[in-house]
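When a residue number appears, it is its place in the shown sequence, counting from 1. Reckoned from all heavy atoms, side chains included, excluding hydrogens, waters and symmetry mates. What you see is a predicted model; the values in this text were computed from it and never measured.
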Amino acid sequence: MLKIKTPKSQRAKRAVEKRAPKLVENGKKTLILHGTKTSDVLNSVLTQIYHLKRDNAVKYTKKNDKIRPFESGGETSLEFFSLKSDCSLFVFGSHSKKRPNNLVLGRMFDHHIYDLVEVGVNNFKPMESFDYDKKLTPLIGSKPFFAFIGEGFENVEELKHLKEVLLDLFRGEVVENLNLAGIDHVFVCTALSSTTVFFSHCALRLKRSGTAIPRMELVEVGPSMDLVVRRHRLPNDSLKKEAMKTTSDQHKKKIKNVSSDVLQGKIGKIYIPDQKVGGIALSNDIKGLKRERREAKKMKNGGENEAKKRKTESE
């Protein structure tokens with residue numbers, strides 16, 4: 001485990017805050033690792049994936065003999081590297097007689113393995129084998145399109161899981177608005193069978209269409225490969241529920257002079273400027289004054305009647 005140190009400088013505090021959980025998370029980084037033994041094809045695959053995600057990926061070239069994602073106890077080193085590099089996605093390559101050109105794609109939650117998909121790589125073609133106009137080369141950091149062709153991505157559980165992992169792996173940072181000129185490539189995944197997916201990477205060529213929306217043509221720029229699903233492990237229900245949890249304490253816009261109370265509920269303060277009632281001229285048509293005049297008249301008439309009565313009695 002990493003030794004926990006208290007940050008002492010402002011730069012270290014900012015680095016710790018950047019890694020802390022947030023309501024809106026940063027873009028996911030990908031960790032690329034090699035196993036005990038890798039083939040030339042697998043080394044080229046890992047390099048090409050790093051090239052596609054070089055703006056948001058960390059690649060280690062040293063061999064790791066202690067990483068076995070599907071085995072108990074073989075996840076410790078992988079979780080250590082994830083915590084060290086602050087990566088929530090990983091690609092692990094290994095090669096053996098039983099599982100040649102083996103690629104393990106996975107996601108992390110709180111730097112612990114969330115789910116895994118193991119695929120075999122066949123018919124791999126690197127970027128260098130494709131001949132195209134280099135002006136169409138996708139730019140670093142541009143957002144891609146995704147095209148999933150085939151009913152298997154909706155019906156087969158293994159392919160549905162692979163689709164989710166591939167989307168998380170290559171989509172980059174989530175944004176709300178996009179400029180059409182910034183979308184210059186597309187990942188095409190075709191379900192050839194219930195376990196095999198043809199993965200290819202194409203550039204977009206925009207041509208005139210006579211409308212405001214241009215016509216798009218696909219130009220394959222590589223890499224391309226067949227991904228054969230071998231094993232996969234879904235997250236358990238409790239971990240999935242914890243990972244999907246969202247906070248309800250979202251920041252609300254503060255309303256001036258309004259507070260809340262457990263018993264009374266919403267409490268507000270109203271500020272009224274000085275009315276200067278003493279200087280306001282009152283008219284004679286006010287109902288309150290009419291009532292006062294009537295009562296005063298009654299009192300006066302009552303007093304006069306009482307005086308006359310007493311005078312008659314004295315006579």
Side-chain angles (χ1 to χ4, degrees), residues 27-30 32 41-57 59 89 91 93 101 103 105 117 119-156 158-229:
K28 296 180 180 180
K29 294 170 61 178
T30 303
I32 300 176
V41 172
L42 202 57
N43 289 335
S44 181
V45 170
L46 295 176
T47 303
Q48 302 274 295
I49 293 176
Y50 176 70
H51 180 75
L52 293 174
K53 292 185 58 66
R54 59 188 180 277
D55 60 324
N56 211 0
K59 185 174 184 291
L89 300 165
V91 179
N101 299 327
L103 207 62
L105 313 175
V117 177
V119 295
V121 178
N122 296 329
N123 303 323
F124 173 70
K125 295 181 180 179
M127 297 180 183
E128 296 79 15
S129 62
F130 292 90
D131 186 18
Y132 60 93
D133 186 2
K134 300 304 177 183
K135 294 181 180 179
L136 299 175
T137 304
L139 301 176
I140 299 175
S142 59
K143 293 290 291 183
F145 276 124
F146 283 90
F148 291 93
I149 304 171
E151 297 180 354
F153 291 110
E154 302 296 332
N155 303 330
V156 182
E158 290 84 354
L159 298 188
K160 289 172 63 177
H161 190 195
L162 179 62
K163 175 183 176 180
E164 293 179 5
V165 175
L166 289 176
L167 279 173
D168 259 359
L169 183 63
F170 291 106
R171 70 177 178 179
E173 190 172 353
V174 179
V175 295
E176 295 181 358
N177 299 317
L178 281 176
N179 186 354
L180 186 61
I183 305 176
D184 54 5
H185 62 294
V186 56
F187 292 101
V188 181
C189 301
T190 306
L192 303 179
S193 66
S194 60
T195 58
T196 306
V197 173
F198 174 66
F199 175 88
S200 62
H201 179 222
C202 301
L204 288 176
R205 176 183 289 167
L206 304 181
K207 290 193 172 184
R208 294 180 181 178
S209 62
T211 62
I213 302 176
R215 183 168 60 89
M216 296 184 180
E217 290 186 356
L218 298 183
V219 179
E220 193 168 4
V221 297
S224 68
M225 65 192 97
D226 290 338
L227 302 177
V228 182
V229 181

request  = Flag the pair K163 / E154 as yes when at least one side-chain heavy-atom distance between them is below 4.5 Å, and no otherwise.
outcome  = yes
ask   = Rounded to the nearest 0.5 Å, how far apart are NE2 of H161 and CD of E164?
value = 6.0 Å
Less than 3.5 Å apart, which donor and acceptor atoms pair up between the side chains of residues 181-195 and the rest of the protein, not counting sequence neighbours?
| residue | atom | partner | partner atom | Å |
| --- | --- | --- | --- | --- |
| D184 | OD1 | S142 | OG | 2.7 |
| D184 | OD2 | L139 | N | 2.9 |
| H185 | ND1 | S142 | OG | 3.4 |
| S193 | OG | T195 | N | 3.4 |
| S193 | OG | T196 | N | 3.2 |
| S193 | OG | T196 | OG1 | 3.3 |

Non-hydrogen side-chain atoms of V91 and Y50 separated by less than 4.5 Å = no
key: Distance (rounded to the nearest 0.5 Å) between H201 NE2 and Q48 CD   = 10.5 Å
ask   = So how far is it from L169 CG to R171 CZ, rounded to the nearest 0.5 Å?
value = 11.0 Å
request  = Indicate yes or no for a side-chain donor-acceptor contact from K28 to the backbone of L89 under 3.5 Å, with no hydrogens or angles considered.
outcome  = no
message = Given L103, which partner from the list V228, V119, V117 fulfils the side-chain contact (heavy atoms from CB on, under 4.5 Å) test?
response = V119
query = Could you give the distance from CG (L218) to CZ (F145), rounded to the nearest 0.5 Å?
reply = 10.5 Å
key: L105 CG to D168 CG distance, which is reported to the nearest 0.5 Å   = 11.5 Å
Can you give me every donor-acceptor pair (side chain of residues 122-132, partner residue at least two apart or in another chain, under 3.5 Å) with its distance?
| residue | atom | partner | partner atom | Å |
| --- | --- | --- | --- | --- |
| N123 | ND2 | D226 | OD2 | 2.6 |
| S129 | OG | P126 | O | 2.7 |

query = How long is the gap from CZ on F148 to CG on L159, to the nearest 0.5 Å?
reply = 10.5 Å
query = Minimum heavy-atom separation for G93 to L42, with atom names?
reply = C-CD2, 3.5 Å
ask   = K53 side chain to F170 main-chain N or O, any donor-acceptor pair under 3.5 Å?
value = no
